[in-house]
Amino acid sequence: EVQLAESGGGLVQAGESLRLSCAASGFTFDEYAIGWFRQAPGKAREGISCFVSTNQTTHYFDSVKGRFTISEDIAKNTVYLQMNSLKPEDTAVYYCAAPVYCGSSSPWYWGQGTQVTVSS
């Protein structure tokens, strides 16, 4: 029943922007918090965002802070990752997942991933 599907990846030049989408089905945002991860070839999975339930805020990890922003369309049950000022080191497969709470263990549900490639 629970499914997540990312889209919007592609090839861009350094300094350009992309917006990724994560379409959720089988649950609503009041049940699970959605977060984002990425994984570059040969490297460990890296967190992009997580949700702090105690104060209902989104935390961004240092590597993307100030450049990436998460938003949501409640009616469409879709979460977006706006990526600005992209750098070659942002090249990775990007995943959305749920639930993602700061300090928690691995999420139960994952999307299939979407490739983002940033050329120099």
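Closest non-hydrogen pair, S49 versus F61, comes out as N-CD1, 3.7 Å. The two atoms that bring P107 and V100 nearest to each other are CG-CG2, 3.7 Å, heavy atoms only. Closest heavy-atom contact between G26 and V2: O-CG2, 3.9 Å. In this structure, G8 and T114 approach most closely via the heavy-atom pair N-OG1, 4.1 Å. Counting all heavy atoms, side chain and backbone alike, Y95 lies closest to G111 at CD2-O, 3.7 Å. Of all heavy-atom pairs spanning A40 and T91, the tightest one is CB-O, 3.7 Å.
Inter-residue side-chain proximity for L86 and F68 is flagged as met; some heavy-atom pair is nearer than 4.5 Å. At a threshold of 4.5 Å between non-hydrogen side-chain atoms, the residues V118 and K87 do not count as touching. Counting only heavy atoms from C-beta outward, the side chains of R45 and R38 never approach each other to under 4.5 Å. With a 4.5 Å cut-off on side-chain heavy atoms, Q82 and S71 do not count as touching.
Under the 4.5 Å side-chain heavy-atom criterion for grouping Ile, Leu, Val, Met, Phe, Trp and Tyr, M83 is connected to I70 within one hydrophobic cluster. Note on V93 and I34: separate hydrophobic clusters, where clusters join Ile, Leu, Val, Met, Phe, Trp and Tyr whose side-chain heavy atoms are under 4.5 Å apart, directly or indirectly. Taking hydrophobic clusters as Ile, Leu, Val, Met, Phe, Trp and Tyr residues chained together by side-chain heavy-atom distances below 4.5 Å, Y109 does not share a cluster with F51. V52 and W36 fall into different hydrophobic clusters, defined by Ile, Leu, Val, Met, Phe, Trp and Tyr side-chain heavy atoms under 4.5 Å apart, directly or through other members.
Apart from L11 itself, the hydrophobic cluster it occupies contains nothing, where clustering links Ile, Leu, Val, Met, Phe, Trp and Tyr at side-chain heavy-atom distances under 4.5 Å.
Checked against ring pair (Phe, Tyr, Trp, His ring centres under 6.0 Å), F37 has the following partners two or more places apart in sequence or in another chain: W110.
Judged purely by distance below 3.5 Å, without hydrogens or angles, the side chains of E46 and S63 pair a donor atom with an acceptor atom.
Judged by distance alone, with hydrogens and angles left aside, the side-chain atoms of D73 form no donor-acceptor pair with the main-chain N or O of T78 at under 3.5 Å. R67 contributes a side-chain N or O that, together with a main-chain N or O of S85, makes up a donor-acceptor pair within less than 3.5 Å. Looking only at distances, a side-chain donor or acceptor of E6 sits under 3.5 Å from a matching main-chain atom of C96.
V64 pairs in a side-chain contact (heavy atoms from CB on, under 4.5 Å) with only one of the listed residues (N84, L81, T69, I48), which is I48.
Using a 4.0 Å cut-off between a side-chain N of Lys or Arg and a carboxylate O of Asp or Glu, K65 and D62 qualify as a salt bridge.
Rounded to the nearest 0.5 angstrom, C22 SG and Y94 OH are separated by 15.0 Å.
Ring geometry, Y32 versus F27: the interplanar angle exceeds 60°, so the pair is classed perpendicular (tilted spans 30 to 60°).
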